[in-house]
Amino acid sequence: MQVSEARRFQQLRGHLSYLKLNDAAEALNRVLDQARTERMSLTAALERLLEIEVEATEARRLAARERFACLPEPWTLSDFDFAAQPGVDEKLIRDLATLRFLDDASNVLFVGPPGVGKTMLSVALGRAAVEAGNRVYFTTAADLAARCHKAALEGRWKTCMNFFAGPKLLIIDELGYLPLPEDGASALFQVINQRYLKSSTILTTNVGIADWATAFGDATVAAAMLDRLLHRAAVAGIDGPSYRLRGHQSQAETIRAGVNARVS
Ligand code: ADP
Ligand code: MG
């Protein structure tokens, strides 16, 4: 490399670093070498260099969205065994997985007893949404209520509401598993209400819709919440066998078979 060209190289690297295109700056030497040996056009070399920066930025943003989302498990939809859960409407789930429901701010309700895959399906949809570039946040109803309660005590109610209004997709897991604190139902209603028609919420619950009024203590709040949630929603009732218990059953059978084998 001639002296002037070496200086120009340093300047170019400097420009890239100044613009915080650090991955491109780091790859510059390699791409220039490649351009020379492969006789790439100027356009092709520039495209290659910027592609490296774009890919690195996309990977960083995806990682940041993944961290923010707090999805409790790495589940994806391909992990879900539809054959093992006849209670689930596969066509509906596949349709939800296209993420079209995010575009019209529709909600999704998974209703069913424990162990049928409600959390798994919400997490899988959440992951698909994260991968498609959306801000997603996963929480449980009990956590949401506790955080809102704490925020109210500390005078941060508005910040807390803004936080829950932010994500393109909010997943609220396990509504009805634990009794909500007295202001919990109202906090949940406010979160649902401010997201209504703006962004999607996935809610999982073991409480059948007909029983919401009794489960939340306050029939008016329950009715108002259901009104917002169901106005534009897909309701997936999963009334099948518990996958968790299936595991236990086969485990129990294995143990039993082992014991019988030793006895006989
Ligand atoms: P729920 O939220 O309805 O109580 P989960 O989604 O937590 O149930 O599922 C319980 C466990 O069973 C999880 O470990 C989950 O991965 C597994 N599971 C449930 N349904 C299926 C399924 N159809 N295919 C594969 N794993 C499943
Ligand atoms: Mg669950």
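If you're wondering where the values come from, they're calculated on a predicted model, not measured in any experiment. Order of appearance sets the numbers: ligands from 1, and atoms from 1 within every ligand.
Taking each heavy atom of Trp212 and Met225 in turn, the nearest pair found is CZ3-CE, 4.2 Å.
If you check the side chains of Thr119 and Asp173, you find a donor sitting under 3.5 Å from an acceptor.
For Arg61, the CZ atom counts as loosely surrounded, since its 6.0 Å shell holds 12 or fewer non-hydrogen atoms of other residues, nucleotides or ligands. Heavy-atom neighbours of Asn22 CG from other residues, nucleotides or ligands within 6.0 Å: above the threshold of 12.
For atom 6 (O) of ligand 1, the closest non-hydrogen atom of the protein is Met120 N, 2.8 Å. At the shortest separation from atom 12 (O) of ligand 1 among protein heavy atoms lies Tyr243 CD2, 3.4 Å. The nearest heavy-atom contact from the protein to atom 24 (N) of ligand 1 is Asp81 N, 2.8 Å. Among all non-hydrogen protein atoms, the one lying nearest atom 2 (O) of ligand 1 is Thr119 OG1, 2.7 Å. Taking atom 8 (O) of ligand 1 as the reference point, the nearest protein heavy-atom neighbour is Gly117 N, 3.1 Å. With hydrogens left out, the protein atom closest to atom 11 (C) of ligand 1 is Arg244 CG, 3.8 Å, a heavy atom. Scanning the protein for heavy atoms near atom 4 (O) of ligand 1, the closest one is Gly115 N, 2.7 Å.
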Taking it one step at a time, do Arg36 and Asp33 satisfy salt bridge (charged side-chain N to carboxylate O under 4.0 Å, His left out)? CA-CA 5 Å; Arg36 254 180 244 114; Asp33 281 348; 3.0 Å; yes
Checking Arg13 against Glu26 for the salt bridge (charged side-chain N to carboxylate O under 4.0 Å, His left out) test, could you report, in this order, the C-alpha distance in whole Å, the side-chain angles of both residues, the deciding distance, and whether it holds? CA-CA 8 Å; Arg13 248 190 92 109; Glu26 204 190 301; over 6 Å; no
Would Arg127 and Asp79 count as a salt bridge (charged side-chain N to carboxylate O under 4.0 Å, His left out) here? Give the steps. CA-CA 12 Å; Arg127 178 154 310 277; Asp79 299 322; over 6 Å; no
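Taking the ring axis of Phe68 as reference, the NZ or CZ atom of Arg135 stays within 45° of it and closer than 6.0 Å to the ring centre. Geometric assessment of Arg147 against the ring of Phe163 yields a positive cation-pi assignment under the 6.0 Å and 45° thresholds.
Two residues are said to be in side-chain contact when any heavy atoms from C-beta on lie closer than 4.5 Å; Leu175 and Leu188 meet this criterion. In this structure the side chain of Cys148 never reaches within 4.5 angstrom of the side chain of Gln190, judged on heavy atoms.
Listed by chain and number, the protein N, O or S atoms at a distance under 2.8 Å from the Mg ion (ligand 2) are Thr119 OG1.
Considering backbone and side-chain N/O of Ala84, none are found under 3.5 Å from N/O of ligand 1.
The salt bridge (Lys or Arg N to Asp or Glu O under 4.0 Å) contacts involving residues 98-111 comprise Asp95-Arg100, where partners must be two or more places apart or lie in separate chains.
Looking at Leu169, Leu170, Ile172 one by one, the single match for side chain to side chain contact (heavy atoms under 4.5 Å, CB included) with Tyr137 turns out to be Leu170.
Under a 4.0 angstrom heavy-atom cut-off, Val116 registers as being in contact with ligand 1. For Gly112, the heavy-atom gap to ligand 1 stays at 4.0 angstrom or more. Under the 4.0 angstrom criterion for non-hydrogen atoms, Asp173 is not in contact with ligand 1.
Between the choices Phe82, Tyr177, Trp75, Phe110, the shortest heavy-atom distance to atom 14 (O) of ligand 1 belongs to Trp75.
Here is the list of ligand 1 atoms found below 4.0 Å of a heavy atom in Pro114: 4 (O). Heavy-atom contacts of Lys118 reach the following atoms of ligand 1: 1 (P), 2 (O), 3 (O), 4 (O), 6 (O), 8 (O) (cutoff under 4.0 Å).
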